[in-house]
Amino acid sequence: MMSLMRSFLLFNIRLSILSRRHPLYTYGTLWLIFISMVFIGFILNPKPNLRGTWILIQIGAIAASSSTFIMYALFSYLQSLITVIHSPPASGIVRLLQCVFPTKAFDRIFSQIVIDFRDEHAEMLALKRPYRARWLSVCLVGTLVLTTALWISTTMVKRAVSIWRIS
Amino acid sequence: MADLPRLSPIEIEILDLLRAREMYGLEMVRASTKLKRGTIYVTLDRMTDKNLVRSRAVEDPTVSGMPRRVYSLTALGQRAWSAHSAAVQFFSNGEVLT
């Protein structure tokens with residue numbers, strides 16, 4: 001029972017993450033919320049024939065999951081019919097980094113990381129591995145955060161050493 | 001020998017890779033198990049400042065966007081690598097114990 005509820009929750013989270021990338025999945029998530037509300041209402045006001053709470057929970061969870069799966073499959077099919085133009089991974093962060101960091105640091109460090117990940121992202125899409133490509137996009141953001149922290153600490157140490165040498 | 005910069009294990013790995021030919025950062029990461037994507041470019045930037053490696057932008061006319069940089073060894077980098085390998089050979093032969 002607990003594993004069923006956990007998988008139901010994970011499914012909901014995953015769908016919410018996907019909704020950020022694909023507008024059509026937003027309707028899937030809205031459907032899930034609607035079904036969940038119906039399910040909660042069903043528990044709070046049970047029918048006379050089905051009074052066992054656990055039975056109601058199981059029926060509700062199965063109904064919500066299966067109907068969401070059907071909606072998900074339907075929206076995936078609709079998604080495949082239309083052409084969606086996506087911006088390359090981390091394009092927003094790249095613009096921000098270009099503003100914040102010196103040109104030299106951006107050209108030598110950050111742009112190279114972005115190019116590497118975008119190349120691999122394109123490779124994965126060409127190999128029909130979209131989940132791997134999405135995972136690489138997440139990794140790119142993580143790597144940029146890590147590299148920013150590393151660059152700031154390295155620069156601070158360099159400055160400290162140069163000041164110490166002057167003094 | 002005294003004017004050669006000290007090398008970290010990551011820097012030695014990079015110099016070792018660049019001895020054969022000039023490479024991109026991603027090529028180096030793929031060719032080595034020690035190098036990580038998140039740290040290699042910061043290390044390469046530091047090595048460029050130390051004049052151990054040099055880089056040049058390679059523009060691909062068929063691809064728009066930011067240019068890639070390809071890295072190669074400098075004369076100082078080559079000397080630093082030779083000194084390091086000589087030191088390793090010296091210690092591995094056990095000559096320090098005699």
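All chains are named by letter (A, B, ...) in the order of the sequence lines, taking the proteins before the strands, and each is independently numbered beginning at 1.
- Aromatic ring orientation, B:Trp81 versus B:His84: tilted (interplanar angle from 30° to 60°).
- Of the charged side-chain nitrogens involved, at least one lies within less than 4.0 Å of a carboxylate oxygen, so that B:Arg46 and B:Glu11 count as a salt-bridged pair.
- Of the atoms belonging to A:Phe117, it is side-chain heavy atoms, and not backbone ones, that fall under 4.5 Å from chain B.
- If you take NZ on B:Lys50 and CG on B:Leu76, they are separated by 9.5 Å, rounding to the nearest 0.5 Å.
- Using a 4.5 Å cut-off between heavy atoms, A:Thr147 contacts chain B through both its backbone and its side chain.
- Only the side chain of A:Val114 comes within less than 4.5 Å of a heavy atom in chain B; its backbone stays farther off.
- Taking 4.5 Å as the limit, every side-chain heavy atom of A:Met124 sits out of range of all side-chain heavy atoms of A:Tyr131.
- For A:Trp151 and B:Tyr41, the ring centers are positioned 6.0 Å apart or more.
- Per-residue counts of heavy-atom pairs under 4.5 Å with chain B were compared for A:Leu146, A:Ile113, A:Val94; the largest is that of A:Ile113.
- The distance from atom CG of A:Leu125 to atom CZ of A:Arg134, rounded to the nearest 0.5 Å, is 9.0 Å.
- Of residues 18-29 of chain B, those residues with a non-hydrogen atom less than 4.5 Å from any non-hydrogen atom of chain A are, in numerical order, B:Gly25, B:Leu26.
- In terms of the side chain to side chain contact (heavy atoms under 4.5 Å, CB included) criterion, residue partners of B:Arg54 (sequence neighbours excluded) are, by chain and number, B:Ser72, B:Thr74.
- Side-chain contact between B:Leu15 and B:Gln78 is absent, with no heavy-atom pair separated by less than 4.5 Å.
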